[in-house]
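One structure is given below, encoded as structure tokens.
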Amino acid sequence: MNSLSLKNLVAGFAFGLATATTASADCASRLDQSADLWVEPGDGLAALLEPECYAWQLFVALNWPGDPATQAPDKSKSLGEDGVATWELWRNVRVGSTNGVFRIDGDDPGPWLTGAALLVARPQSEFDALPLQQIARLGNPAMPQIDDASPTANETRMNQSAYEFVRDNTLYNIEGQQTAFDDITGVMNFHPDAKEIKARWRRISDTEKDRYHWVNVRLSNGDLQPFGLTALHITTKDIPNWFWATFEHIDNEPSSSNGGVPGHEGWLDSSVDAYTCPNAPVGCNKAPRVVTGTKWENYVLRGTQVDFVDSRGRPTLLASSVIERG
């Protein structure tokens, strides 16, 4: 290697180091401020270099109170106020649901949502009885919706960028998916803005509402039943292999004080959150200052994933104790 090449290599390394430091500082400082926290970050470098910090940025932005009339964050509200989260205004994936991405007849699901009524209550037909992972694990090809006695509810939603990619490429039915699969020259690459949410809910009592993000579900008998958010997957195309983060409510972990949520298996792996607990890279079950004093302080980042293997080729693992239960 000549001296010029060596200088270029050193300069490139120094630039990368400076960029990494800047990304780290920007992520942390952004979470420490109070303005514009509803803006989705869209920073692939931060996702790679500071994944836990970036996960909390996404968590705050996507859980900001949403305006059903515009399908956008409500800037007049504060984090933690009652009402739907911004991601709840995205397109529901469920087959047969209102404005569902995948229709029973496989037809084009139509243009992106252009307006919505105030979500006082959501019909039970909007939810699945089990997460898709568990339906597949049990070998059940159906996607059963919840009923009046269901203890839990599940849903998957995608934002406009992800939805339009699915629609533009006819991925909303099996025929379109098969065509895309057979086309070995095609490149299926979502836009970096694409995002998807997977949520798990459980029945809660009125006395638990202040500790949960909750929604009223209208059962088939007409009753309103509050369901509290118990787990949340966030997936974004900020980086080539997607950015993955999963959050859980603190009650999901059995302890001497709460006994855990009935029917949940508890946390088999320790949480990893180098942002909230920089001196305790594993076993961190705290929430950062940005959500302190709101209902969201009861949610814990269980971990993130930026690639499918580590630097030695070993598979990386990330799971939710309720979404991937069993």
Modelled atom types, side-chain donor and acceptor of Glu52 and Thr276, under 3.5 Å = no
Can Lys75 and Asp67 be counted as an ion pair, charged N to O under 4.0 angstrom?
-> no
Quiz item: cation-pi between Arg302 and Trp267, 6.0 Å / 45° = yes
Is it true that the side chains of Asp147 and Gln124 contain a donor and an acceptor less than 3.5 Å apart?
-> no
Which of Trp296, Tyr299, Trp56 passes ring pair (Phe, Tyr, Trp, His ring centres under 6.0 Å) with Phe247? It is Trp56
Indicate yes or no: at least one non-hydrogen side-chain atom of Val306 is less than 4.5 angstrom from one of Trp242.
-> no
Asn154 versus Lys198, side-chain donor and acceptor atoms under 3.5 Å = no
Aromatic centroids of Trp244 and His233 separated by under 6.0 Å = no
Go through the side-chain N and O atoms of Glu155 and Trp201 and say whether any donor and acceptor fall under 3.5 Å apart.
-> yes
Scan side-chain atoms only and decide if Thr236 and Asp238 contain a donor-acceptor pair under the 3.5 Å cut-off.
-> yes
Under 3.5 Å, is there a donor-acceptor pair between the Gln177 and Asn173 side chains?
-> no
Could you tell me whether the side chains of Asn159 and Ser161 share a donor-acceptor contact shorter than 3.5 Å?
-> no
Which distance, rounded to the nearest 0.5 Å, do you find between the CG of Leu62 and the CD of Glu88?
-> 11.5 Å
